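See structure below.
Side-chain atoms are counted along with the backbone in the values below, which use heavy atoms only and exclude waters and symmetry mates. What you see is a predicted model; the values in this text were computed from it and never measured. Order of listing sets the numbers, starting from 1, for every ligand and every atom in it.
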Amino acid sequence: MIIEGTLKDLKKFKEITVDNNEDILIYKEKEVMGYVHYYNNVDYIEILNIEVLDKRNGIGTYLLNYLKEFNKKILLEVNVNNDATLFYKHHGFKIINTREKYYNNKDDAYVMEFNNIYILAIETSCDETSMSIIKNGNVDIHTSTLSQIELHNKYGGVVPELASRSHLEAITIVLDDLLTASNMKVEDMSAIAVTYAPGLLGSLLVGIEFAKTLSFVYDKPLIKVHHLAGHIYANNLTNKLKFPLLSLIVSGGHTNLVKMNQDYHFEVIGETLDDAIGEVYDKISRVLELGYPGGPIIEKLALDGTDTYKFNKIMNDETYNFSYSGIKSNIINLVHDEKQRGNEINKNDLAKSFEVVAIEQLVRKTKLALTNLEINNLIIAGGVSANKYLRKEMQKMANEINVSLTVPDFKYTTDNASMIGAAAYPLYLNGDFEDFTLNAKSSKQLY
Ligand code: KG4
Ligand code: ZN
C-alpha cells in the first residue's frame, strides 16, 4: 500500500518495487524528500529500505516515529560501516545480531531492533510526590501526582521535615495509582529514573531509595536525573528540542540561562546572583498574606493592576546574569512601611509593577544572549514559565529577532515526574546507568 504520493515521485531515489504485502510511506513537501519501505507483520515491522534526500532536516526521524506509532517491535539490517547505525542507535535501536558478508558477499550487516522504551520516573525533590510512565522519551502514558501544597500553605512555604514525611506516606499510593491508571506493571518498564539533585535532601532521598528498591527487585537499570534537566526536557513532551538552543529556566530555585549544542551538553551562561524569580513571587505573596505558591496568585492579581510603582530596571548591564534580591527587599519594605502608616496597599498595582520589572529583566537578558550568541531556538522551562505575561513578552521578543520559541505544556511547567522521564531517555539510550551508591545532592550545579 502506498500511504502518500506515488512510486513515480521517487525518481530521485533508486528504483524500487513494492509487493502487495509491503507498505511504503513517502514523505513529500514540494518534492519527495524521503521514504520508508516496510513490511507490517502481525507482531513486528521490518524496514526494507529508508532513504532521505537530506539527512539534516529530521525527515528520517519523522519516518521512524511514524513506524513507532504502530507500537510493535521494529527490525532492520544496516551495513556495519554505515553512519546510519548511529542514527538508529540514537532512536533507540539496539544491535541484536551480525550477519557476516551480507552485502555483496563483502560487508557485514547489523540486525537492529527497536522496542518501545518505557521509563518509570520518580520526582520527590520538593513538595510533589510524582510518578510517571514515559514512552520513547516523549509520550506521557500516565502521570500520578500527590501535591503537598495544602500541607505547606499555612506556613507560607515548604517545611522540609513535613515534606519528606509526606513523600514517605504518599509514595506507594502514587505508584499504585500510576500502575492502575496506565494498566502496566513494573515488569514492563525498561528502566527506573529518579531525581537526585537539587532539592530538599530528605525529600530527594525518599524518591531515590524507592527507585533503588524497584531497580533491585525488578532488575531494571537505574537512571539519575537532574531536576533542571527535567525542566528543560519537559519541552520534549510537546515539541522536540532543536539544537543549538538557549533555555531560560525560571523556577522557585533557579533563574538560569543555559546553552545547549546537543543533548546533555549544558553550558550555564548566566544565572541569578542572589534570589530566584519564583522565590520572589512566593515571598511577595507571603508578605501580602495571600498564600503559597505565590506565582499564580500574584499573576492573577496583576491582571487587574497598573504599573503605578514604576520600579527601576534591574541589572542594566551587558552580562547574562540576573538579580532579584533588590526588588524583593524593596517590596517587603514598602509593604511594611505602608502597614505601619496604616495605609491600604493596592495589591493589584503592586503585583503588576513587580511583574513588569521582573519579567523585563528576563526578556532583556535572554534577548542579549540570543543575539550575541546567534542562537535561533529558545525554550523556557520551570514553574514560572507557566506565567502568561512572561510567555507573551517572550513571544513578542522572539518574533522581533526571528527566533523560534517553544514553551512547555502548562501541565509540565511545575514539578512533575513526566519531565524526569523525558530527561532520562537520552541517558537510557546512552547507557548511563547508576549503581546502588546513588545519593541525593542539594547542589544546584547543572552537571
Ligand atoms: O519548577 P517549580 O515547580 O519548582 C522548582 O523547581 O522550584 O517552580 C515553582 C515556582 C514557585 O516559586 C511558584 O510560585 C512559581 O514557580 N510559579 C509561578 C507560576 N506558577 C508557578 N510564577 C509565576 N507565574 C505563575 N503562573
Ligand atoms: Zn522544579
Side-chain angles (χ1 to χ4, degrees), residues 121-130 132 143 145-149 152-153 156-158 160 163 194-200 203-204 207 225-235 247-256 258 271-272 275-288 290-303 305 324 327-328 351-352 354-363 379-394 407-423 441-444 446:
I122 304 172
E123 155 66 44
T124 62
S125 68
C126 193
D127 56 353
E128 324 273 353
T129 316
S130 183
S132 183
T143 298
T145 303
L146 253 179
S147 171
Q148 305 174 4
I149 283 181
H152 301 290
N153 195 350
V158 179
V194 63
T195 311
Y196 77 102
L200 305 169
S203 294
L204 286 166
V225 176
H226 194 282
H227 184 81
L228 287 198
H231 276 304
I232 292 175
Y233 278 90
N235 279 281
S247 171
L248 172 71
I249 307 174
V250 276
S251 71
H254 299 85
T255 310
N256 279 1
V258 182
E271 60 196 331
T272 177
D275 295 328
I277 181 169
E279 213 176 319
V280 184
Y281 267 100
D282 295 339
K283 186 73 191 185
I284 296 173
S285 176
R286 195 160 152 182
V287 295
L288 294 174
L290 296 171
Y292 169 84
I297 300 169
I298 301 296
E299 173 175 37
K300 201 157 166 241
L301 279 178
L303 288 179
Y324 282 100
I327 182 77
K328 182 177 83 175
K352 180 69 189 174
F354 163 68
E355 275 207 332
V356 166
V357 73
I359 284 167
E360 189 278 336
Q361 178 180 203
L362 293 180
V363 174
I379 62 173
I380 53 177
V384 183
S385 72
N387 188 283
K388 293 206 183 73
Y389 177 65
L390 167 64
R391 288 176 176 225
K392 197 176 99 208
E393 291 297 302
M394 276 295 168
V407 292
D409 199 290
F410 280 107
K411 64 176 179 284
Y412 301 130
T413 53
T414 49
D415 293 351
N416 62 85
S418 357
M419 68 184 201
I420 301 304
K441 279 205 182 121
S442 60
S443 117
K444 289 185 177 177
L446 189 56

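Each of the following atoms of ligand 1 lies closer than 4.0 Å to a heavy atom of Gly294: 14 (O). Counting the atoms of ligand 1 from 1 in the order shown, those under 4.0 Å from a heavy atom of Val384 are 15 (C), 16 (O), 18 (C), 22 (N), 23 (C). Which parts of ligand 1 touch Gly253 is read off a 4.0 Å heavy-atom cut-off, strictly below it: atoms 7 (O). Against a heavy-atom cut-off of under 4.0 Å, Asp282 is close to the following atoms of ligand 1: 11 (C), 12 (O), 13 (C), 14 (O). Per-residue contacts place His231 under 4.0 angstrom from the following atoms of ligand 1 (heavy atoms of the residue considered): 1 (O), 6 (O). Atoms of ligand 1 found under 4.0 Å from any heavy atom of Pro296 (numbered from 1 in listed order, with element): 19 (C), 20 (N), 21 (C), 25 (C). Shown in contact with Gly278 at under 4.0 Å from a heavy atom are these atoms of ligand 1, numbered in order with element: 12 (O). Under a 4.0 Å criterion applied to the non-hydrogen atoms of His227, ligand 1 contributes the atoms 6 (O).
Among protein atoms, those of element N, O or S found less than 2.8 Å away from the Zn ion (ligand 2) are His227 NE2, His231 NE2, Asp415 OD1.
With a 4.0 Å cut-off on non-hydrogen atoms, Thr414 touches ligand 1 through its backbone as well as its side chain. Residue contacts with ligand 1, taken as heavy atom pairs separated by less than 4.0 Å, do not involve Lys388 at all.
Applying the side-chain hydrogen bond (donor to acceptor under 3.5 Å, both in side chains) criterion to Thr129, with sequence neighbours excluded, gives His167.
Between the side chain of Ser285 and the main chain of Asp282, no donor-acceptor pair closer than 3.5 Å is present. Counting only distance, with no hydrogens or angles, the side chain of Ser130 and the backbone of Thr145 share no donor-acceptor pair below 3.5 Å.
Considering backbone and side-chain atoms together, Pro293 places no N or O closer than 3.5 Å to any N or O of ligand 1.
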